[in-house]
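Contents: one structure, followed by commentary.
Here is how names work: the chains are called A, B, and so on, in the same order as the sequence lines, proteins then strands, and each is numbered from 1.
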There are 4 protein chains.
Amino acid sequence: MGVQIESTVKDPERIRERRKQIVRASVELFIEKGFHKTTTREIAKASGLSNGALYEYVKSKEDILYLVCQHIHQEIHERLADSLSSHETALERLRHAMTSFLSVIRDMEDEVLLIYQESKSLPPHHLHDVLQNEQVITDVFVQLLQDGLEDKSLELTEETIPLVAHDIIVLGQMWAFRRWAIRDMDFSEFVRQQINMILRTEPDHSSILRT
Amino acid sequence: MGVQIESTVKDPERIRERRKQIVRASVELFIEKGFHKTTTREIAKASGLSNGALYEYVKSKEDILYLVCQHIHQEIHERLADSLSSHETALERLRHAMTSFLSVIRDMEDEVLLIYQESKSLPPHHLHDVLQNEQVITDVFVQLLQDGLEDKSLELTEETIPLVAHDIIVLGQMWAFRRWAIRDMDFSEFVRQQINMILRTEPDHSSILRT
Amino acid sequence: MGVQIESTVKDPERIRERRKQIVRASVELFIEKGFHKTTTREIAKASGLSNGALYEYVKSKEDILYLVCQHIHQEIHERLADSLSSHETALERLRHAMTSFLSVIRDMEDEVLLIYQESKSLPPHHLHDVLQNEQVITDVFVQLLQDGLEDKSLELTEETIPLVAHDIIVLGQMWAFRRWAIRDMDFSEFVRQQINMILRTEPDHSSILRT
Amino acid sequence: MGVQIESTVKDPERIRERRKQIVRASVELFIEKGFHKTTTREIAKASGLSNGALYEYVKSKEDILYLVCQHIHQEIHERLADSLSSHETALERLRHAMTSFLSVIRDMEDEVLLIYQESKSLPPHHLHDVLQNEQVITDVFVQLLQDGLEDKSLELTEETIPLVAHDIIVLGQMWAFRRWAIRDMDFSEFVRQQINMILRTEPDHSSILRT
DNA sequence: GATGAATGAGACTTCATTCAT
DNA sequence: AATGAATGAAGTCTCATTCAT
């Protein structure tokens, strides 16, 4: 899955190991200074590798960005998937998933922001793959909405599902990319409101529209 | 309003003139290649200025980015403000404003995306100002929601207003920064669904929650 | 004539000036250490330019090699052309030209060797042009041989002319690229023998073949 | 004969074996990309050796170039020596040898060119040895000319012999290093003309000089 | 003897910014 | 005010060679 990154090194175990070091160091650096202002020398040093060794595990600086994005998406997806519950109704499962998702976002604020700000620097080939990963995460919610359509615990039409799923993602990621505006808000309050925006489950608030 | 940018040139009229050229050229270049991959030489040439002249109207490349962001926000804000209607109820005015806002977003897709992707490269001082401008636009909706609270055409609580306003902005800007996922969607359909997500005005859809 | 090399600088006079500096410095360095072992920094310094300035007059290191080869060929050609005499017969003119050519080769030993050894590093586009220049020089002798055919001062057939011309060139350039083997030979003796190899004008030596 | 190249390996048989692999691979690579643009990694891989093993049979990249040049010279010399005939007169033997030599050159065009273009990258010590090998080949013709002097089948003077021998070599190698200019010529025609240039054996053409 | 990962100096080139004219 | 040539620091990447295993 994903685009293969070439390496001069043969031992796959070592590749995994070293790339983990590289990614760990790079995430931190990219968050701190941005992709462009981070030098490969800094990455090498922070990874505990020599300048040359870095390039045995990666073919270009852009490859590193790709690995970073991939890693972040993977972690988000994993944590989201792990938290999927087995509640009776899709509605309950959806609510639970949204809560989990938001909590992941909060834990990975910086990483989410990183993808928003730097993925544009990926070569088209890799960008496409990263966007696909973003879609994979979105599809978790597509599935839950679909379930809700089937077990009738949610009322919506088939055609609206894709956009609603994206809305869910975006209203969650907001915590990361709008934190400058929301920082003083209580996180659990944020969760409550965003879930309500999607589901309108609160009594008397099925719409902000006065009936 | 905004941060003052220094210039060695005296005549303010000329400054305005030249900076307009610079911004026009830069917006296009930044959209096409990104801020970092655009060189000041390219900007100078596309602006019809010499390398040296460029630096008489701007003190650094980052200044240009700032001017660009400011210009984009200004145009968005202007167009949004201009379209504010004088309908009877706040609800009607809000719906109208959202429609207008979405239409502005569509017209300025690339520019909106630009701000999302490049504003991080601004020095803190300028970044702060740009975020403030984003807030100014958000405040248009804050005001409308407030109005709705007062004339009771909307049902919501005071505390939720800020976040709802941000939700409106973000669900609109999505058209720009998620277009890779939404591209095949009809724009008017997008508008309809996003407004419904906020307002739940469609009959039988006051919530996706089955009652 | 020749392939145009791009420059960021506008003033053509200055371009000519600076490139002359670059070529002068590079010829010397390339002769001394070879193209690959000469660094652009060395070239810049020896040219009296900064690292950056160098690249305003040239787009790559290979461009410099091209300029160098072109310059050498130009000088050889010029000196050869300047020395063309107006003797009565083509035979006399040819003999005179060979003598001049050999004297140019001697003066430019190192430069001739340089082209032999480094032109292979040129990009195809430029290599082709350099070879063409080599042909232009060869054509001087092609013309003289043709003249000899016409005024009947030389006895040869039309078809052999091209190769004989190349033989002349190569038997001359030998002084440069075989000097390790010929060094202890007197130059004027070399000239005499090589001219004789081509023309067999010496009494009793119209051929090394005993009659 | 030749300069000894050090090796960490004891078994001389194995050294010979491995170096043969190295040379075979390198000749091909050097012809294709040139000495400087060929990496030792490529050589190792093409030789079927590991990066490290390569350096057990050779002490530096330059050593490899030396082995390559030596190998080429050896093959040329061998083939030339093998083809030496036992005709009655030195003239006949010389003509035969020139024909053979030219045929070797044609078969080894690329290799001959390689020596012309890359031998300059040898350290002085090795370069000297390579030039000596070139002289050894030249000496084959020196000997034949000497024989011709003695058996009087050739008419020339002692002092001219060395240069004539070099002329023979160079007029033959031309096929390799001037092929860009001669490519459309028939090889046998080339042979005929070059031999004639040296020997002037064709009736009525003992000289291009009209008598 | 062999392997292949690691090293690290150094190469070419770019580009924001300055400053003499 | 304008020009555009010059600066030089800094960046990415390569590769001959070494050495622990």
key: Most 5' of A/R41 and C/L54 on DNA chain F, judged by nearest nucleotide   = C/L54
query = Does A/R18 put a side-chain nitrogen or oxygen below 4.0 Å from OP1 or OP2 of E/dA6?
reply = yes
note = Of the candidates F/dT12, F/dA5, E/dA16, the side chain of B/T39 sits closest to E/dA16
ask   = In whole angstrom, what separates B/K33's NZ from E/dT14's P?
value = 12 Å
query = Would you call the rings of C/F30 and C/F35 parallel, tilted or perpendicular, where under 30° means parallel and over 60° means perpendicular?
reply = perpendicular
ask   = Atom CD1 of C/I22 to atom P of F/dA5: distance rounded to whole Å?
value = 14 Å
note = On DNA chain F, more 5' by nearest nucleotide between B/L49 and A/E62 is B/L49
ask   = Once you round it to whole Å, what is the distance between C1' of F/dA1 and CG of B/N51?
value = 15 Å
task = Have a look at C/S60 and say if it touches a base, only the backbone sugar-phosphate, or nothing, with a 4.0 Å heavy-atom cut-off.
result = sugar-phosphate
task = Using only side-chain N and O atoms of C/R14, determine if any of them is under 4.0 Å from OP1 or OP2 of F/dA6.
result = yes
ask   = Phosphate oxygens OP1/OP2 of E/dA6: is one of them under 4.0 Å from a side-chain N or O of A/Y57?
value = yes
request  = Any chance you could lay out the side-chain hydrogen bond (donor to acceptor under 3.5 Å, both in side chains) test for D/E62 and D/H126, step after step, and finish with the verdict?
outcome  = CA-CA 9 Å; D/E62 285 165 348; D/H126 284 159; over 6 Å; no
ask   = Which part of the nucleic acid does A/S7 contact within heavy-atom distance under 4.0 Å: base, sugar-phosphate only, or nothing?
value = nothing
inquiry  = Taking only side-chain N and O atoms of A/T40, does any of them lie within less than 4.0 angstrom of OP1 or OP2 on F/dT12?
reply    = yes
ask   = In Watson-Crick or G-U wobble terms, both distances under 3.5 Å, what is the partner of E/dA20?
value = F/dT3
message = Testing the basics here: between B/C69 and B/I115, what is the closest heavy-atom pair and its distance to 0.1 Å?
response = O-CD1, 4.0 Å
task = Show the numbers, then the answer: is there a side-chain hydrogen bond (donor to acceptor under 3.5 Å, both in side chains) between D/R18 and D/Q21?
result = CA-CA 5 Å; D/R18 294 280 193 255; D/Q21 296 171 239; 3.3 Å; yes
request  = Specify the separation, in whole Å, of atom NZ of A/K61 and atom P of F/dC13.
outcome  = 8 Å
task = Look at D/Y55 and F/dT17 and indicate whether a side-chain polar atom (N or O) is within less than 4.0 Å of OP1 or OP2.
result = yes
ask   = For B/E56 and F/dG4, what is the distance between atoms CD and P respectively, to the nearest whole Å?
value = 13 Å
message = Tell me which nucleotide, if any, is Watson-Crick or G-U wobble paired with E/dG8 when both distances must be under 3.5 Å.
response = F/dC15
side-chain hydrogen bond (donor to acceptor under 3.5 Å, both in side chains) between C/D129 and C/Y66, worked out = CA-CA 9 Å; C/D129 189 70; C/Y66 172 65; 2.6 Å; yes
query = Once you round it to whole Å, what is the distance between C1' of E/dA16 and CG of B/L65?
reply = 15 Å
query = Rounded to whole angstrom units, what separation is found between the CG atom of C/D11 and the C1' atom of F/dA6?
reply = 14 Å
request  = Quickly work out the A/K59 NZ to F/dT14 P distance and round it to whole Å.
outcome  = 9 Å
